[in-house]
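One structure is given here, and the rest of the page talks about it.
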Amino acid sequence: MFAPTPELVDPWRAVEAGCDYSGSLPLARMARLQEALREALGEASFRLSFSRDLEGRGILRGEIDARLVLTCQRCLEAMEVPVSLSMVLALVSGLEEAGRLPEDLDPLLVTAEPLRLADLIEDELLLALPLIPRHEPGACPASHVLAAKGEERREEGSPCPFAILGELRRRGD
Ligand SMILES: [Zn+2]
């Protein structure tokens, strides 16, 4: 069943009806994601399908595509990160139920509250963000400078305790 995407969905009713939603959401409307972005340009396109699996579980399958503009932590210039993710989530009503899921299913905790699809999409995009965004070494303007100082070799060679220490410091900044 195809329907225009509502803001709020009762997940169990969506499972019963086999609802299938697709559309796009402006990144500028995702406040939490925006904090991690250099520019909140463009949209995330999505498709979310509710169904029931053979074991009777409520399942939400989703695909989300977006181009995120982040700041490279090496050169501090903009970098575009294409994100294309797909997920299969099982609706659960508690942690105990989540613990019983097979490994290939991630839990989606649902309560009596309706599910806000935009929040779900934003959560998935946040999870997809790289921990330390960086250009590929060849594509990063700063890598030439670092290579001249011999820093690049240290980063790409076998990790020595000092390199790890440097990494930790950088993350702590
Ligand atoms: Zn860079």
Side-chain angles (χ1 to χ4, degrees), residues 5-9 20-50 59-91 95 98 101-110 115-173:
T5 306
E7 200 174 329
L8 297 171
V9 164
D20 192 338
Y21 303 110
S22 61
S24 56
L25 273 177
L27 298 179
R29 277 179 47 193
M30 302 184 192
R32 288 173 296 142
L33 180 68
Q34 240 188 91
E35 285 176 25
L37 300 182
R38 185 182 181 102
E39 298 167 3
L41 293 175
E43 300 186 318
S45 60
F46 64 87
R47 179 166 181 191
L48 301 172
S49 313
F50 290 86
I59 299 291
L60 170 55
R61 279 172 207 282
E63 278 158 36
I64 304 170
D65 292 281
R67 295 188 78 81
L68 305 179
V69 182
L70 306 175
T71 299
C72 168
Q73 294 305 300
R74 192 183 281 148
C75 67
L76 303 181
E77 298 292 330
M79 63 180 285
E80 218 174 84
V81 179
V83 172
S84 183
L85 55 95
S86 55
M87 72 249 191
V88 184
L89 305 175
L91 278 57
L95 291 177
L101 290 177
E103 272 186 27
D104 56 335
L105 283 176
D106 285 323
L108 174 64
L109 195 64
V110 293
L115 188 64
R116 190 177 294 275
L117 296 181
D119 284 348
L120 178 85
I121 292 164
E122 187 174 9
D123 286 344
E124 293 294 324
L125 285 172
L126 281 165
L127 287 173
L129 286 176
L131 193 59
I132 303 175
R134 279 190 206 158
H135 288 118
E136 293 297 319
C140 184
S143 63
H144 306 295
V145 182
L146 291 177
K149 289 184 196 160
E151 292 243 348
E152 197 66 10
R153 223 178 319 134
R154 200 184 66 187
E155 271 190 19
E156 278 168 10
S158 59
C160 72
F162 301 107
I164 292 168
L165 195 66
E167 192 69 39
L168 289 174
R169 269 204 204 121
R170 240 170 290 157
R171 284 186 207 190
D173 283 349

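Whatever order the structure lists ligands and atoms in, that order sets their numbers, starting from 1.
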| D65: partners by side-chain hydrogen bond (donor to acceptor under 3.5 Å, both in side chains), with sequence neighbours left out | S84

| When you measure from the side chain of E80 to the backbone N and O of R67, does any donor-acceptor pair fall under 3.5 Å? | no

| Between R38 and T71, a side-chain donor and acceptor under 3.5 Å | yes

| said: Tell me if the CZ atom of R32 is crowded by more than 12 foreign heavy atoms within 6.0 Å. | reply: yes

| task | Please confirm whether the backbone N or O of A28 pairs with a side-chain atom of Q34, one donor and one acceptor, at under 3.5 Å? | result | yes

| task | For the Zn ion (ligand 1), count the protein N, O or S atoms found under 2.8 Å away. | result | 4

| Close side-chain approach of L120 and L108, heavy atoms under 4.5 Å | yes

